[in-house]
Amino acid sequence: MISNGMKVYLDNGSTTMVDPRVTSKVIRYVNDRYGNPSSLHFKGQEAKKALEKSREVIANSVHALNEEIFFTSGGTEGNNILLKGVAFANRNKGNHIITTKVEHKCVLESCKWLERQGFRVTYLEVDKEGFVDLKKLEAAITDKTILVSIIHGNNEIGTINDIGNIGSLCRSRGIYFHSDACQSYTKVRIDVKAMNVDLLTINSHKIHGSKGVGAVYVRDGVMIDAWQHGGSQESGMRPGTENIPAIVGFAEAVKLAMSSIHVSSMNRLRDRLIEGIVERVPHAKLNGPLGEKRLCGNVHFSFRFIEGEAINGLLDDYGVCGSTGSACSEMDLEPSYVLKALGLSHEMMNGSLRLTLSRFTTDEEIDYVLDVLPKVVRRLRDISPFKEVSHVLGRDS
Amino acid sequence: MYSEEILDRFRNPKHVGGMDCADAVGETGNFKCGDVMKVYLKVEGGKIKDIRFETYGCVAAIASTEMMCELVKGKTLDEAYKMSNQDIVKGLKDVPPVKVHCSILGVNSLRAAIDDYRKKKGK
C-alpha cells in the first residue's frame, strides 16, 4: 500500500456507501419493528404502516400514484418482472420489442430469453456518445411493436437519454414505454406522468440505500402479468414477505437524495475531475457526452497504450477504487458491449477507466485522484511496449 | 482475486524496460486480446545474461512476464526454451483460471525472443 491511508471510493456506479441515517432506520426495523405487514396484530400493522409510507415516498419522487409502485429485490428483478410481464400479457397485440445495444445486462438477457420464447427484439444502435436516435426508434416501430425499453442514464458512460421525447413518441403510437432508471434515479428529475413513462425500474443501493431492494412503477392500466406467484403482497405483482427494513431504508435514502444541491455539487466535482485528467494526462479521451446530458457522478476515459485492469490495479494500490470495461476484467474476456456499441477500438475499450462519484465525494478526494492517476498512467506507459510511440506522440501534443 | 505474489510482481517489476543493443527481441499478443508482450535478451556463452520486458496488458500479464524473466535469467537457451507456462503459474502461486493464458503468452514471448536469437545466429 502506498496510499498514505487515503481511501477514495469512486465506484459508486457499482454500489454506494449506505448513508448512516439509512442504516439506523434499517436496524430499527430489523431489531424492533420486525412484524409481517400481512399480520393484523399491532406488530404487523406497525410494519404495514411503514411499508405504505415508504411507498408514498417513492411514488412522490417520480410523480406516480402510490398504487403504481411495487417493491422488488432490486434492479435486475425489476427489469425482469416488467419486460417479461408486459411481453406475455400483450402477446395478443404483437410480439415485437425495441430496446438498445447499451442496456444493462438484465434487460438484454431478458430480451434474449424473450426471443427464445418467440418474441422479436430490435436492438437499436446508439451514437458515438451513447444517445438513442429518436428517428431510428420511430423507424423501428412496426404494427407488432408492444414495448420499447430504453435506459435513462447509462451505467458505463453516463449518457442521459431524453425519455420525455421517447415517451411522447411511444404514447402517440400506443406502445408501452419502459425505462431502466437505476443509475439516474434521484440524480435526474423523473416525472412519469409528464414524460409519458409507462414502466420504470429503480433501486436502492445506487443511492446510498441498502442492497436487496428496489421498486418498479407500473402505470395504472398497463397490461402486465405477474412473473412470480404466491401471496397477495404487492398486489400480487411481487408476492413474498416484504423486506421491510430495506424498504424503509430505501425510502429514507430517497428522501436524503432528492436534493438538487447534491446534483450541482457532484456536477462540479465531476467536471473538475474530467478537466483535470484532460489537462494532466496525454492521450486520454473522454467517453460519453459533456455537460447536462451526462450523469452527475460519471467520469469515463480511455487511455491509449495501457490496459484498464492494470490501471485499476495500481489505483487500488493508492487506495482508489474505480472500474473498467476492458476485456481483461471480464470472465469471458470480451470488452464492454457498451463501449463496443460506441464504436471504440479495442485499444480504447481495453484502456478504459470509469470513476463514479457520490454526494459524499470531496474536493480533497478529487485532488488526490488528480495527483495519483497521472502517475499510474505514466508508470504503466513505461512498462508498455508502446511507450516509444507514446513519447513521440506526447511531444507532438 | 489475485494472490499477493501476483500483486507484488505487478507492483514492483524488476525487469521492466527496453534494452540497448539487445541480442534478440520477441513479441507476442495483440490489442484485441488486450495483451502485448515484448521480450529483450542479452545472451552470453549460450546463457541468458540479461532479460527485460515491456508489456501492454492486465495485472496478470505484467506479473507473468516479470515472473518469466525471473525464472529464466541465467539459464541456458535450451533450458529456457523448455520452460512451461505452468512454471510461471507455480511461481505466481494462484493464477485465476481466466488468466492462465497470460502465462502462456509469457512463455510464447520468451520463445519468440529465443527464436529470434537463433535465427540471427544462424545467418
Side-chain angles (χ1 to χ4, degrees), chain A residues 1-3 283 302-336 339-340 344-353 372 375-392, chain B residues 1-20 22 25-40 52-66 68-69 92 95-106 109 112-113:
Chain A
M1 264 297 167
I2 42 177
S3 70
H283 311 300
S302 288
F303 300 98
R304 291 197 64 188
F305 316 120
I306 54 175
E307 188 279 323
E309 194 216 82
I311 299 173
N312 279 293
L314 281 188
L315 281 177
D316 193 276
D317 213 16
Y318 280 103
V320 178
C321 303
S323 70
T324 179
S326 165
C328 302
S329 70
E330 297 292 329
M331 288 309 280
D332 57 3
L333 296 178
E334 276 295 317
S336 149
L339 302 183
K340 222 183 244 179
L344 260 58
S345 68
H346 278 277
E347 183 190 6
M348 296 311 250
M349 290 191 280
N350 288 336
S352 66
L353 172 70
V372 302
K375 292 180 193 163
V376 163
V377 172
R378 213 174 305 129
R379 238 175 93 190
L380 290 171
R381 283 183 179 161
D382 280 342
I383 298 176
S384 169
F386 306 112
K387 73 171 187 290
E388 287 150 39
V389 187
S390 80
H391 287 171
V392 171
Chain B
M1 169 185 184
Y2 286 123
S3 67
E4 267 309 308
E5 210 65 30
I6 292 186
L7 289 174
D8 185 52
R9 295 274 179 335
F10 163 69
R11 287 170 188 153
N12 310 300
K14 295 180 177 66
H15 299 87
V16 169
M19 195 186 275
D20 290 334
V25 184
E27 194 177 315
T28 188
N30 57 54
F31 267 130
K32 198 179 166 190
C33 77
D35 301 297
V36 178
M37 296 173 179
K38 205 165 171 182
V39 172
Y40 302 82
R52 302 261 134 196
F53 79 91
E54 288 170 326
T55 292
Y56 159 88
C58 64
V59 172
I62 292 171
S64 291
T65 3
E66 168 65 18
M68 179 275 291
C69 292
L92 292 173
V95 174
V98 68
K99 297 290 185 180
V100 169
H101 74 280
C102 294
S103 65
I104 296 170
L105 286 174
S109 59

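We use all heavy atoms of the structure for the numbers below, so side chains are in, but hydrogens, waters and symmetry mates are not. Since the model is a prediction, treat every value here as computed from it, not as a measurement. Proteins get letters first, then strands, A, B, ... in listed order; numbering begins at 1 in each.
- Looking only at distances, a side-chain donor or acceptor of A:Arg379 sits under 3.5 Å from a matching main-chain atom of B:Arg11.
- Taken to the nearest 0.5 Å, the OH atom of B:Tyr2 stands 11.5 Å off from the CG atom of A:Asp316.
- Contact of the A:Phe386 side chain with the B:Val36 side chain is registered, since non-hydrogen atoms from C-beta on lie closer than 4.5 Å.
- With a 4.5 Å cut-off on non-hydrogen atoms, B:Pro13 touches chain A through its side chain but not through its backbone.
- Between atom CZ of residue B:Phe53 and atom CD1 of residue A:Ile383 there is a gap of 6.0 Å, rounded to the nearest 0.5 Å.
- One distance of note links CG of A:Asn350 with OH of B:Tyr56; it measures 4.5 Å at 0.5 Å rounding.
- Scanning all heavy atoms of the two residues, the minimum distance from B:Cys58 to A:Glu309 falls at CB-OE1, 3.5 Å.
- Taking CD1 of B:Ile62 as the start and CD1 of A:Ile306 as the end, the distance is 9.0 Å to the nearest 0.5 Å.
- The line from OG1 of B:Thr55 to CD of A:Glu307 is 11.5 Å long, rounded to the nearest 0.5 Å.
- For B:Glu27, there are no salt bridge (charged side-chain N to carboxylate O under 4.0 Å, His left out) partners at least two apart in sequence or on another chain.
- Using modelled atom types, one side-chain atom of B:Lys99 and one backbone atom of A:Cys328 make a donor-acceptor pair closer than 3.5 Å.
- Counting heavy-atom neighbours within 6.0 Å of B:Asn12 CG, excluding the residue itself, gives a total above 12.
- Nearest heavy atom pair, residue B:Val59 against residue A:Ala310, reads CG2-CA, 4.0 Å.
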